[in-house]
Amino acid sequence: MGKQKLLSIITPVHNEAEGIKKFINDSLVPVAEKLDLNYELIIVNDGSTDNTLKIIQILANQNPKIKILSLSRNFGKEPALSAGLRYAKGDAALTIDADGQQPPKLIPDFIKKWNSGAEIITGVRSQYTKHGLIQKLGSKLFYKLLHIMGNKSTVPGSTDFRLIDRVVINEFNKLSEHNRITRGLIDWLGFKQEYIEYVYGVRAAGRPSYNIKKLFHLAIDSFVSMSTTPLVIFGYLGIFITVGSFILGLFCIINQYILGDPLQLYWNGSVQLAIFITFLIGLLMISESITALYISHIHAETQNRPLFVVDEKESRNLN
Ligand code: UDP
Ligand code: MG
């Protein structure tokens, strides 16, 4: 028998004292133990202020495969996942929420797809089981907008329940931008993607840390970090307004001063002024949008993303 592969299971926790023990011991570990590979379980404590840390430290004392990466304060789920991936030693990493909404019993399916060659396997929510109507609509709107804004690679409903191969982990760890949305970045990286549909369960215990305000910020961050379309929209609007008011102005001059107002519109000075001001506003919007584009280029430079990512497994005879 060859060397067994190692899977790093990463789970971020923030104030999960109520359900974490049950989730780890009764749900996650039994599944992990049955896998046909070795595993390490990295629990990232994201600045919990309740008993979570104490509880998971006890769990780690009982099971040496459980590792605890405790952050100095609450950084948010995205940085917590990045931290876990930085410390993962596995041939692949699987990220899973600690609240039971992403069912551990599906992990063997992720492994199966990984074994047959996929490098990124993403769990896709098959039904919208979020509680609030606003969240439901918000999430639909989010993916629509993301798509419109040029991110065509993120499948609607994709979640952070995903397995990524070592090659993807390595490339992900090279990314240095700070304002990061794990989902968007991993999709940006490319590689062989597969999807697994699952029903997003209800929270086993405790309360979600993400409220509508936080989700809204996350959505805005996704747009801003993954696309420049918001900047350009106003430029196009400006062009539309400028051209429109220019035509209107031309019409006004020809109608009134050359043809002698045959349509009898009686456009007076204030109408002319309004058209002129609209014209100027259009110009302003265009120039603002151009400035914004320069800023977006600076933004892209500071993100410092690699120009390209090489798939070494598929490349040949390079050295
Ligand atoms: N989480 C975290 N840091 C935070 C917020 C959440 O590590 O600042 C963890 C949380 O403990 C859970 C997962 O991220 O394991 C998903 O969080 P939550 O259930 O609040 O979000 P939702 O299910 O609404 O996506
Ligand atoms: Mg949750």
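Whatever order the structure lists them in is the order used to number ligands and atoms, beginning at 1.
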Proximal ligand 1 atoms for Ala98, defined as those under 4.0 Å from one of its heavy atoms: 15 (O)
Ligand-side contact atoms (ligand 1) for residue partner Asp99, heavy atom cut-off under 4.0 Å: 19 (O), 23 (O)
Would Val232 and Leu283 show up in the same hydrophobic cluster when neighbours are defined by side-chain heavy atoms closer than 4.5 Å? no
Given Lys77, Glu16, Gln101, identify the one with the heavy atom nearest to atom 10 (C) of ligand 1. Glu16
Is there a path of hydrophobic side-chain contacts, each under 4.5 Å between heavy atoms, that joins Leu106 and Tyr39? yes
Just heavy atoms, cut-off under 4.0 Å: does Val44 contact ligand 1 by side chain, backbone, both, or neither? neither
N or O pair under 3.5 Å between Pro12 and ligand 1: yes
Which of the numbered atoms in ligand 1 are below 4.0 angstrom from a heavy atom of Tyr200? 22 (P), 23 (O), 25 (O)
Check this for me: does any side-chain nitrogen of one of Lys192 and Asp165 sit under 4.0 Å from a carboxylate oxygen of the other? no
Quick check: does Asp99 have an N/O/S atom under 2.8 Å of the Mg ion (ligand 2)? yes
With heavy-atom distances below 4.0 Å as the criterion, list the atoms of ligand 1 near Asn74. 3 (N), 4 (C), 8 (O)
Would you check whether Thr11 has a nitrogen or oxygen atom less than 3.5 angstrom from a nitrogen or oxygen atom of ligand 1? no
Scan side-chain atoms only and decide if Arg162 and Thr95 contain a donor-acceptor pair under the 3.5 Å cut-off. no
Under a 3.5 Å cutoff, is there a donor and acceptor pairing between the side chains of Gln102 and Asp160? no
Are Ile239 and Ile247 grouped together when hydrophobic residues (ILVMFWY) are joined by side-chain heavy atoms under 4.5 angstrom apart? yes
Does Ile275 belong to the same Ile/Leu/Val/Met/Phe/Trp/Tyr cluster as Ile286, with side-chain heavy atoms less than 4.5 Å apart forming each link? no
